[in-house]
There are 2 protein chains.
Amino acid sequence: MRVRLEDVARATGVSPKTVSRVLNEESSVKESTRQKVLAAMESMNYRPSPAARGLAGSRSFLVAMLYDNNDNPASTYLAEIQDGVLDACDAHRFSMMACPLRMRGKDFIRRVDALVHDHHIEGVIVTPPLTDHAPLLQRLRELGVPHASISPQHRQGAIGVCMDEQQAAKALVTHLIEQGHRRIGHILGIANHGASRWRLAGYKDALTAAGLPVDPQYILQGEFSFGSGVLAARQLFDLPEHPTAIFAANDDMAAGVMWAANERGLKVPRDLSVCGFDDTPLATQLWPPLTTVRQPSREMGKLAALQLMDHLRGRGHGLLVQVPYTLQLRESTAKAP
Amino acid sequence: MRVRLEDVARATGVSPKTVSRVLNEESSVKESTRQKVLAAMESMNYRPSPAARGLAGSRSFLVAMLYDNNDNPASTYLAEIQDGVLDACDAHRFSMMACPLRMRGKDFIRRVDALVHDHHIEGVIVTPPLTDHAPLLQRLRELGVPHASISPQHRQGAIGVCMDEQQAAKALVTHLIEQGHRRIGHILGIANHGASRWRLAGYKDALTAAGLPVDPQYILQGEFSFGSGVLAARQLFDLPEHPTAIFAANDDMAAGVMWAANERGLKVPRDLSVCGFDDTPLATQLWPPLTTVRQPSREMGKLAALQLMDHLRGRGHGLLVQVPYTLQLRESTAKAP
DNA sequence: ACGCAAATTGACAGCGCTGTCATTTCTGTC
DNA sequence: GACAGAAATGACAGCGCTGTCAATTTGCGT
């Protein structure tokens, strides 16, 4: 009923083991044999059984994408990454399992153990903020499961993909300065997230490079959410000399800033320039459209998955590739009033 | 190295087969034996190997979530559904694979075949607009793979979850009418999507119930995207007697309407009331916040998955459960000018 | 043509579980 | 207390593939 490896072997006149070798792209198969087998597989529409492969060998052709759905950055971000990962997996005949994790208690590690143990997961894609969760990385190492990270903070020896967020933030704030802004507010993301750090660092770099002071009262804590953007913006507006521009560490908070500005009767960009980071769909759905930095999440997911699979296949050592950012200058920023 | 079923059997003093029976919750096991085995499993921290179970038996404890990532409704919608599905799977020791499908050509069906064949997928969660893709459903039937649908159009005998979108839309538009609006525009979603039909039907119902005419010039085609909302809104504004309220078939298009209103210098809600549908995060990130209908996507994903798994376990026949909607009246709607 | 190392290929067991069917142990009944 | 029939358990093969290691073929130098 099902075409088995043995059937292919019989049809080709070789042993099952040889077919297995072809299937697994082992090198010790004569090219002519390989071609014959490949042809037979094709014509018989043979599809190996992952269950059998998993049982017999060690491989499972399964990778897992780990994400934190509690301390969750915008869901579109993760959705795009997932899409990219699936895309790459597809191309390499891997399958992916999505695994939401809650970074709380020991249960967290248990889930990872269970996942790896039960499904023979071969590798893992780790997304922020899990990328720097020491116990997780530690456990993965113990389990011998390679992982590729997306935007990890510790890049030493990491494999995966990253972007120069600091440079991007600096470019963005520099743009504001060039527009004549001198009092520029910044709303931080969740503490300890790499994104928060890099974006703050870039903000400071830009100010310093322009000879402007870094004034702590213009830097407020946020947590990447729309609501936290609103709250922080209100505080900034309450300052005696309120900023003429605000750089929020992500688009959601920038949207919050614009919301708060509306509330105060401040017109964007006439009275206030606003910019964010990530270029989520939201950015172009706001009025006015938001100046931000495009982060190619989908592409990043794909690249990370490719790095991981290359590594698993033993080809290449697995690298941390860097993707370029793009400034998206839109109408939410303008010359200083 | 790994605790196997056999180990548990030895520890309990029964045959492997009996342990297997306990594992699979078969009924013909004496209660006292069952308890002993269960206790041993627990204390030995036994975890069955999905690969072996898949190979030997027919079960895989895997369900797939199928979605169309081309004709994609807002990604947050799918992300929330996925979260709900994963939640339910987790509770029933099932695993889930996310499967983006492109509804084009024969390749589409091939992918489904491959999925079911390769991974022994036991059941499928189908999301709109795949819920009414005849060839897909047909194939699933042929393959003998049960599926649960989320908001299917053909509810006859379907299992899954739905919401009375027509009633919800009617309630929403009725609210507009009560606010004094007489010229109410509607922007349609993608043709043939259930969501588009129901929301239009509800819109008409409300008008008719209030004795108002259904004027075709106020009903424009959209495609659920922000951009299509902008385009449709512009056309509505160009009408000699433009509407004082617009009901867009989803939040993204409603955001587009608000964008276009800004462009025209129309003040929402003073000059124009706008409402959407779905209550995506976007709804509260707009200024003013959007009046819409809350659709509990996460919950729906969870319920659909539960229905599917109940069905797979042979418990219950699998039902089409209906979830309640909630009107979210916010500041984007007000009395007619 | 002969010998030897390297390159290919194959035989066979077994991965951890479940299906099938046989066997044993209970029930309740007369 | 013996017996039919149901309830509970077990023996055994095998799911489709790969690891190990042995067997065979090939290529090449002399």
Side-chain angles (χ1 to χ4, degrees), chain A residues 1-38 40-41 44-62 93 95 114 116-120 122 312-314, chain B residues 1-38 40-41 44-62 93 114 116-120 122 313-314:
Chain A
M1 77 169 192
R2 159 177 200 133
V3 184
R4 289 157 309 147
L5 183 142
E6 192 192 334
D7 302 324
V8 177
R10 204 177 350 252
T12 324
V14 298
S15 75
K17 180 65 213 188
T18 297
V19 178
S20 166
R21 280 195 259 264
V22 172
L23 188 61
N24 292 292
E25 304 186 8
E26 289 175 26
S27 55
S28 62
V29 179
K30 209 203 294 174
E31 183 57 24
S32 63
T33 314
R34 221 176 71 81
Q35 291 305 337
K36 264 194 305 185
V37 172
L38 245 23
M41 282 182 174
M44 301 174 79
N45 192 27
Y46 167 71
R47 329 216 71 225
S49 149
R53 297 228 267 177
L55 226 208
S58 44
R59 313 215 48 185
S60 67
F61 296 90
L62 252 186
R93 294 176 151 268
S95 295
V116 172
H117 199 82
D118 293 358
H119 294 283
H120 271 300
E122 289 191 45
L312 291 176
R313 294 204 168 186
Chain B
M1 77 168 190
R2 158 174 202 136
V3 184
R4 289 156 309 146
L5 184 142
E6 194 192 332
D7 302 323
V8 176
R10 204 177 349 252
T12 325
V14 298
S15 75
K17 181 64 213 188
T18 297
V19 178
S20 166
R21 278 194 261 263
V22 172
L23 189 61
N24 293 292
E25 303 185 7
E26 289 175 27
S27 54
S28 63
V29 179
K30 208 202 298 174
E31 183 57 24
S32 62
T33 315
R34 222 176 70 79
Q35 292 305 337
K36 263 192 306 184
V37 172
L38 245 24
M41 281 181 173
M44 302 175 77
N45 192 27
Y46 168 71
R47 327 216 76 228
S49 148
R53 298 228 267 178
L55 225 209
S58 44
R59 313 215 48 186
S60 68
F61 296 89
L62 251 187
R93 293 175 152 269
V116 173
H117 199 82
D118 293 358
H119 295 283
H120 270 300
E122 288 191 45
R313 295 205 166 183

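Whole-Å rounding puts the Glu25(A) CD to dT18(D) P distance at 12 Å. Atom-to-atom, CZ of Arg10(B) to C1' of dC17(C) comes out at 15 Å; the value is rounded to the nearest Å. As a whole-Å value, the separation of Arg53(A) CZ from dC15(D) P is 18 Å. In this structure, CG of Leu5(B) is placed 9 Å from C1' of dT18(C), rounded to the nearest angstrom. Whole-Å rounding puts the Arg59(B) CZ to dG16(C) P distance at 21 Å. The distance between atom CZ of Arg4(B) and atom C1' of dC17(C), rounded to the nearest whole Å, is 11 Å. Here dC15(D) presents its C1' atom at 9 Å from NE2 of His120(B), a figure rounded to the nearest Å. The CD-C1' distance, from Glu6(B) to dC15(C), rounds to 12 Å in whole Å.
Side-chain atoms of Asn24(B) lie closest to dT18(C) of the nucleotides dT18(C), dC17(C), dC17(D). Listed candidates were dC17(D), dT18(D), dG16(D). Nearest to the side chain of Tyr46(A) is dC17(D).
Across all non-hydrogen atoms, the minimal contact from Ala51(B) to Gly54(A) is CB-C, 4.2 Å. Closest heavy-atom contact between Arg34(B) and Val29(B): N-CG1, 3.9 Å.
Side-chain atoms of Leu38(B) and Val22(B), non-hydrogen and from C-beta on, do get closer than 4.5 Å to each other.
Arg10(A) CZ: more than 12 foreign heavy atoms inside a 6.0 Å radius.
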**Request:** Spell out protein contact along nucleotides 5-11 of chain D as letters: B when the base is contacted, S when just the sugar-phosphate is, - when no protein heavy atom is under 4.0 Å; keep the 5' to 3' order.
**Result:** ---SBBB
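Atom CZ of Arg47(A) sits about 8.5 Å away from atom NE2 of His119(B), to the nearest 0.5 Å. Taking CZ of Arg53(A) as the reference point, atom CG of Leu55(B) lies at 12.5 Å (rounded to 0.5 Å).
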